[in-house]
There are 2 protein chains.
Amino acid sequence: MYHHGNLRREILEAALAATEESGPANWSLRELSRRAGVSHTAPVHHFGDKTGLLTAIAAEGFALFADELEAVVDDFFEVGVAYIRFAVSHRAYFEVMFRPELYRTEDPEVVAARERARQILLAGSRGLAPTPQQQRAVTLAAWSTAHGFASLWLSGALTESADGDAETVGRQALEAALGHLRRG
Amino acid sequence: MYHHGNLRREILEAALAATEESGPANWSLRELSRRAGVSHTAPVHHFGDKTGLLTAIAAEGFALFADELEAVVDDFFEVGVAYIRFAVSHRAYFEVMFRPELYRTEDPEVVAARERARQILLAGSRGLAPTPQQQRAVTLAAWSTAHGFASLWLSGALTESADGDAETVGRQALEAALGHLRRG
DNA sequence: GAGCAATCTTACCAGTGACAAGATTGGAGG
DNA sequence: CCTCCAATCTTGTCACTGGTAAGATTGCTC
């Protein structure tokens, strides 16, 4: 099928769907091509190689991530909640983004989007501690807690320890770790 | 080479070394076999298939993990530090353990070792909150913070935000998140 | 010292990512 | 209109992979 019209997008979506089902490694470019009804090398023109496809996913993921964090940037605590919400609701993106061996981490689009997200995280916890040293520790703590909860949740490690939806339980964990910072 | 003598161990170590270098997906059984000087199907007898090898790594990893946590079980805060120390010093194990799509999570050895580690984590934060509900939140918070810091550190996400060795910086992050629980 | 069971090998298959060379087609410029 | 170019997709091929089947080797037991 020459001139599919929307192949780049369709392959990308198929990759996301496949990643959602079985992780970012358990699918092949050829499988995605078959699903899209094109030859096994059709994606090459759009992504170069498999790493290129994963790089595109990471770049788009960091951009979406930054967007969602930006929406709540004024509330330090809600940035953490948004972090968790993003991981759960955009699982496939998240699983690629934080697995640097999968894609080209220094791709310009990736770098730009990732840096944008990072700045929002840094801004979110600004002014919560007196010294720069403590400031940095607070940022790290918040980032670690949100990221850790999200990772554990996605890996299924919490199925025995937590009941409820991710956002509710995540809020409780964030509150236990960081609530004292919020209240001053 | 018939009757290598120690093939199971050698393949396992080679897999750990390769995982350390390039992640748990970027090596092949055949490559490990070549390194060990045996035919490409020799590992089959010991592990069944590639998933079996990764399952063995996960089982051994959780057992080592439980051992290291056990050594400091009396101090809630030090359990978190030990968690981070394990992730950094046994990176290959850690990266497999928390990637359930890679191995058979319900393998009896895996289940036993993982459950042992889980109990230590639960015990570590016992008595730090009045109600069971808060108790659970504190456990989740501590686990999330340690796990998140370890994951971010291993993925390289912190290279711009933190200087120093993982344990030192990790302590600071844990202190910022959980220090208030320690001091009562 | 015979035979068994554990361990390893050789041979093969389908599936994969990458590459090279070529086919098709929409659209721009004459 | 129509020519031709660049974007897009296809066919063909390669080395490599994981998995399976069948068979070879060898340490150990009795």
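Quick note on labels: first sequence line is chain A, next is B, and so on, each numbered from 1.
Rounded to a whole Å, the OH atom of Tyr103(B) is 20 Å from the P atom of dG18(D). Atom NE2 of His46(A) is separated from atom C1' of dA7(D) by 9 Å (rounded to the nearest Å). We find that CG of Leu32(B) is positioned 14 Å from C1' of dC16(D), with the value rounded to whole Å. When the C1' atom of dT20(D) is taken as reference, atom CG of Leu29(B) falls 14 Å away, rounded to whole Å. In this structure, the CG atom of Asp49(B) is 9 Å from the C1' atom of dG18(D), given to the nearest Å. Rounded to whole Å, atom P of dG19(D) lies 8 Å from atom NZ of Lys50(B). Rounded to whole Å, the distance from CZ on Arg34(A) to C1' on dT10(D) is 16 Å. For Trp27(B) and dC16(D), the CH2 to C1' distance is 16 Å, given to the nearest whole Å.
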Tabulate protein N/O versus nucleotide N/O from nucleotides 26-30 of chain D, keeping only pairs under 3.5 Å, one per line.
from    : atom 1 : to      : atom 2 : distance (Å)
dT26(D) : O4'    : His3(B) : ND1    : 3.4

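Between the side chain of His3(B) and the main chain of Gly5(B), no donor-acceptor pair closer than 3.5 Å is present.
Contact of the Gln135(B) side chain with the Ser125(B) side chain is registered, since non-hydrogen atoms from C-beta on lie closer than 4.5 Å. In this structure the side chain of Val81(A) never reaches within 4.5 angstrom of the side chain of Val72(A), judged on heavy atoms. Under the 4.5 Å side-chain criterion, counting only non-hydrogen atoms from C-beta, Leu174(B) is in contact with Phe77(B).
Comparing His4(B) and Arg30(B) by the nucleotide of DNA chain C whose heavy atom lies nearest to each, the residue mapping closer to the 5' end is His4(B). Residue order along DNA chain C, read from the 5' end via each residue's closest nucleotide, puts Thr41(B) first among Thr41(B) and Thr41(A).
Residues Phe65(B) and Tyr83(B) place their aromatic rings such that the two centres sit under 6.0 Å apart.
Counting non-hydrogen atoms under 4.0 angstrom, Arg8(B) reaches nothing in the nucleic acid. Across all strands, Ser28(B) comes closer than 4.0 Å only to sugar-phosphate atoms, never to a base (heavy-atom distances). Contact annotation for His40(B): base contact, defined as any heavy-atom pair under 4.0 Å involving a base atom.
Side-chain contact, Thr145(A) with Thr145(B): a donor N or O sits under 3.5 Å from an acceptor N or O. Between the side chains of Thr105(B) and Arg114(B), no donor N or O sits under 3.5 Å from an acceptor N or O.
Using the six-membered ring where Trp is involved, Tyr93(A) and His90(A) have ring planes that are tilted, between 30° and 60° apart.
Between the CG atom of Leu158(B) and the CG atom of Asp163(B) there is a distance of 11.5 Å, given to the nearest 0.5 Å.
Put simply, chain A comes within 4.0 Å of DNA chain C, heavy atom to any atom, from dT16(C) to dT25(C), going 5' to 3'.
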